[in-house]
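One structure is given here, and the rest of the page talks about it.
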Amino acid sequence: MDLALLRTFVTVHRAGSFTRAAALLGLSQPAVTSQIRTLERQLGRPLFLRQARGVTPTTIGDELAHKTAPHLDALVEITEAGLDDESSLRTLHLAGPPEFVAERALPALTGLTGDDGQGFALRTSFGTAEQTLDGLSAGHHDLAISTARPRGGLLTAAPLCDEEHVLVAAPRWAEQIAPATPRRTVVPALETVPVIEVHESLPFASRYWGSVFDARPAACGTVIVPDLRAVLACVVAGAGLAVLPRYLCAAALGRGEIVPLHEPPVPPLRTYFLAVRTGTLAMPHIARAHEWLLRAAAAWC
């Protein structure tokens, strides 16, 4: 049986779409369709059910993928490890939210970009969870850090770390609302403070209010800036309150530039996931970066 046909089959099985598989393989969609039909004729059984959006594997298709995918991944690993030109530097493409990538991921990965013979070049892209996972699925990225767990067989993900959210402001705002200590009065007191956010929908404040106060923030955003580091700068300057990841504002908290406005018994958390396309961990440079990030994340929690 032609290994090229099996490789195309496994890619379609993981992608759930001829179109997406064609993009990943660098082939045209008719070529992918032709290869799958050839394999189906050889086996005498249908491997996929065609639907309006993508394809669904038949029982035979699932069984064939289960049997062949690990061996194809192993062949890729052998090829990547043993047949590459050792003088060439592999490039790792990483995507994720700008603040987390800048403050966490990049410092952890820069140690792998050296000239020890195992290093790689590093390229990064920023975007929302949807954008980064779509880019990963399309083959634009090798690793994606996302706050959403991907679904389907094309992508696999491992929990990376949990991010604690903190409600903070400059000290003068804390002094203003300090008398509002009972839970029944703290929310109205907070509504007198301007809100700084990354989007008009107030995603961080809304998540915090819903989790801690079982309510929705009544105020509109006074300052909207699509970068949490800029949000932090505005909070330090005294522009208002914000909900920020603790890792991002820990230094400012330690210096007393900002203070917590409320400290719930159970702080809101958000989980980050490290996602890859299924099978690509057979490539040494991706596997090494993946392992390195998971190790580094153990110290972030």
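Predicted model, so just to flag it, every value in this text is computed and none were measured.
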Please assess Arg50 against Glu40 for the test salt bridge (charged side-chain N to carboxylate O under 4.0 Å, His left out), listing each intermediate value before the final yes or no.
CA-CA 13 Å; Arg50 280 66 169 175; Glu40 288 177 328; 3.2 Å; yes
Search all heavy atoms of [X] against all heavy atoms of [Y] and return the closest pair with its distance.
X: Pro46; Y: Ile60; result: O-CB, 4.2 Å
X: Val276; Y: Asp142; result: CG1-O, 3.9 Å
X: Ser137; Y: Leu24; result: O-CD2, 3.1 Å
X: Ala169; Y: Val235; result: CA-CG1, 3.6 Å
X: Thr132; Y: Gly127; result: CG2-O, 3.8 Å

Show your reasoning for whether side-chain hydrogen bond (donor to acceptor under 3.5 Å, both in side chains) applies to Tyr272 and Glu163.
CA-CA 7 Å; Tyr272 282 95; Glu163 170 186 270; 2.7 Å; yes
Spatial distance of atom CZ (Phe120) from atom CG (Leu112) [nearest 0.5 Å]
4.5 Å
Is [X] atom [atom1] crowded by more than 12 heavy atoms from other residues, nucleotides or ligands, each under 6.0 Å away?
X: Arg151; atom1: CZ; result: no
X: Arg229; atom1: CZ; result: yes
X: Arg270; atom1: CZ; result: yes
X: Glu130; atom1: CD; result: no

With side-chain hydrogen bond (donor to acceptor under 3.5 Å, both in side chains) as the test, would you mind laying out the steps for Glu197 and His199 before giving the verdict?
CA-CA 6 Å; Glu197 259 283 10; His199 191 271; over 6 Å; no
Yes or no on side-chain hydrogen bond (donor to acceptor under 3.5 Å, both in side chains) for Asp62 and His13, after CA distance, side-chain angles and deciding distance?
CA-CA 8 Å; Asp62 272 334; His13 186 272; 2.7 Å; yes
For Thr38 and Arg41, which I'm curious about, is there any donor-acceptor pair between the side chains at under 3.5 Å?
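There is such a pair (donor and acceptor under 3.5 Å, judged by atom type) between the side chains of Thr38 and Arg41.
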When you check the side-chain N and O atoms of Asp134 and His140, is any donor under 3.5 Å from an acceptor?
no
In the structure I gave you, are the side-chain heavy atoms of [X] and [Y] within less than 4.5 Å of one another anywhere?
X: Arg123; Y: Leu92; value: no
X: Val231; Y: Phe204; value: no
X: Trp173; Y: Leu241; value: no
X: Pro159; Y: Arg149; value: yes

Tell me, with the steps shown, if Leu244 and His165 meet side-chain contact (heavy atoms from CB on, under 4.5 Å).
CA-CA 5 Å; Leu244 291 169; His165 286 179; over 6 Å; no
Tell me if the centroids of the rings in Trp300 and Phe100 come within less than 6.0 Å of each other.
yes
